[in-house]
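The block underneath contains the structure these notes are about, expressed in structure tokens.
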Amino acid sequence: MRPKACRAEAGIPELPEVETVKRQLAEAVTHLRFAVVEAIEPAMLRDTTEEQLRTELPGRTIVHVCRLGKFLLLKMDGQRHLHLTLHLGMTGQILVTPYGKVQAGADGPHTRFVFKLVKDDGTFARFEFRDIRKFGRVHLTGNGPAPKLRDLGPDAWIGDWDTRYLKDRLRGRRAPIKAFLLDQRNLAGIGNIYADEILWWAELAPLRPCGTLTVEEVARLAAEIRLTLEEGVRRLGCTVADFVDIEGRPGGFQERLRAYGRQGQDCVRCGEKIIRVIIAGRGTGYCPGCQR
DNA sequence: CCCAAGTCCTGGTTGC
DNA sequence: TGCAACCAGGACTTGG
């Protein structure tokens, strides 16, 4: 079985988008071995020198691909627990293509890393990390995942946390609830778009100070975090690579938005106009009518 | 020119 | 007053 061509991108990568990439990547590269590593943009490296990437990765086989929040982790075989950790930043894309297709194998203007992978049967695949804005990051670490991952809270979608955890973390804080959701140390994986959508579903105003949420509201928030991300994963899981628009969002995503980017339009729940404010330095859409 | 985004960094503020 | 925790805002980057 040859490695399947895979083009994984999905607009701004938040948890559901990264989960989609993770699934496609796992399918495409698990059990393949690194052969040649090319770091075109070494400035995107963390915890790692270009030299280490070039010398330590070749010969190692990918045994597992997983995700924590917005981070992708590729675990290698061998004793040293070598991990390649990827963050897609804002505009990162992963492309995996079998070699032999001239068109598929070419560097683009935004190609930042290229990994040549080899399979048991001797065929090769090209694993490319593209990133227009270079906010993406690549870590190669021995003895476990990148140190950065230790600062992350539990995975917002499938992590081990509950209403009690949220309540404890929110207590006494004056920062707006939206800023709390964006802080990866609390929960990992929520970005600007899903934060707005979660707060709309939970009927909570994004400016509400964390500490003012009632137990009932925290329970609502906890439920909507799981449900909104679940829906995102399900929808993007249906987004076959070929359907993904080069420009950004996969089909069906934009029309599902209830708050983010809908300023000036009617709230589909109460009819009030969605407004836009800046919170935590980020554009925020919400309904002043029903989000309290 | 300004805007968007995720994360890192800095410096100022709050409250015990 | 001291100090840690907290919080706001700028830097980074590029294309629309």
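Every chain is numbered from 1, with letters handed out A, B, ... down the list of sequences.
- Summarising the geometry, the separation between CG on A/Leu187 and P on B/dT7 is reported as 13 Å, rounded to the nearest angstrom.
- C/dA8 atom P lies 13 Å from atom CD1 of A/Ile177, rounded to whole Å.
- As a whole-Å value, the separation of A/Met44 CE from C/dT13 P is 12 Å.
- Electrostatic pairing of A/Glu19 and A/Arg67 counts as a salt bridge here, judged by a charged N lying under 4.0 Å from a carboxylate O.
- Using a 4.0 Å cut-off between a side-chain N of Lys or Arg and a carboxylate O of Asp or Glu, A/Glu51 and A/Arg54 qualify as a salt bridge.
- Using a 4.0 Å cut-off, some side-chain N or O of A/Tyr260 falls inside it from OP1 or OP2 of B/dA5.
- Mapping A/Ala179 and A/Ile132 onto DNA chain C by nearest heavy atom places A/Ala179 closer to the 5' end of the strand.
- Listed by residue number, there are no residues of residues 144-165 of chain A with a heavy-atom contact under 4.0 Å to DNA chain C.
- Ion pair A/Glu224/A/Arg220 not flagged as a salt bridge, since none of the NZ, NE, NH1 or NH2 atoms sits closer than 4.0 Å to an Asp/Glu carboxylate oxygen.
- Rounded to whole Å, the separation between the P atoms of C/dT1 and B/dG11 comes to 23 Å.
- One can place CZ of A/Arg46 at 13 Å from P of C/dC12, the figure rounded to the nearest angstrom.
- A/Asp47 and A/His139 form a side-chain donor-acceptor contact under 3.5 Å, judged by distance and modelled atom types alone.
- Between the C1' atom of C/dA5 and the CZ atom of A/Arg169 lies a distance of 12 Å, rounded to the nearest Å.
- When heavy atoms are screened at a 4.0 angstrom cut-off, A/Pro176 is found touching the sugar-phosphate backbone but no base atom.
- One finds a side-chain N or O of A/Gln184 lying less than 4.0 angstrom from the OP1 or OP2 phosphate oxygen of B/dT7.
- Between A/Leu15 atom CG and B/dT7 atom P there is a gap of 11 Å when expressed in whole angstrom units.
- For the pair A/Arg112 and A/Gly281, both in contact range of DNA chain C, the more 5′-proximal nearest nucleotide belongs to A/Gly281.
- The phosphate of C/dC12 has neither OP1 nor OP2 within less than 4.0 Å of any side-chain N or O from A/Lys134.
- In this structure, CG of A/Asp183 is placed 12 Å from C1' of B/dC8, rounded to the nearest angstrom.
- Taking the side chain of A/Arg133 as heavy atoms from C-beta on, and the options C/dG15, B/dG15, B/dG6, the nearest nucleotide is C/dG15.
- For residues 84-99 of chain A, no residue pair satisfies the salt bridge (Lys or Arg N to Asp or Glu O under 4.0 Å) rule, not counting sequence neighbours.
- Both tests do not hold together for A/Arg226 against A/Trp157: distance to the six-membered ring centre under 6.0 Å, angle to the ring axis within 45°.
- Within the model, atoms CD of A/Glu203 and CD of A/Gln291 stand 8.0 Å from one another, a figure rounded to the nearest 0.5 Å.
- Residue-level contact check: A/Arg282 touches the bases, meaning some heavy atom is under 4.0 Å from a base atom.
- Between A/His110 and the phosphate of C/dT14, there is no side-chain N or O to OP1/OP2 separation shorter than 4.0 Å.
- Salt bridge status for A/Asp196 with A/Lys178: present, with a side-chain N to carboxylate O gap under 4.0 Å.
- Taking atom CG of A/Asp131 as the reference point, atom P of C/dC12 lies 17 Å away to the nearest angstrom.
- Position along DNA chain B of the nearest nucleotide to A/Arg174 versus A/Ile278 favours A/Ile278 as the more 5'-ward residue.
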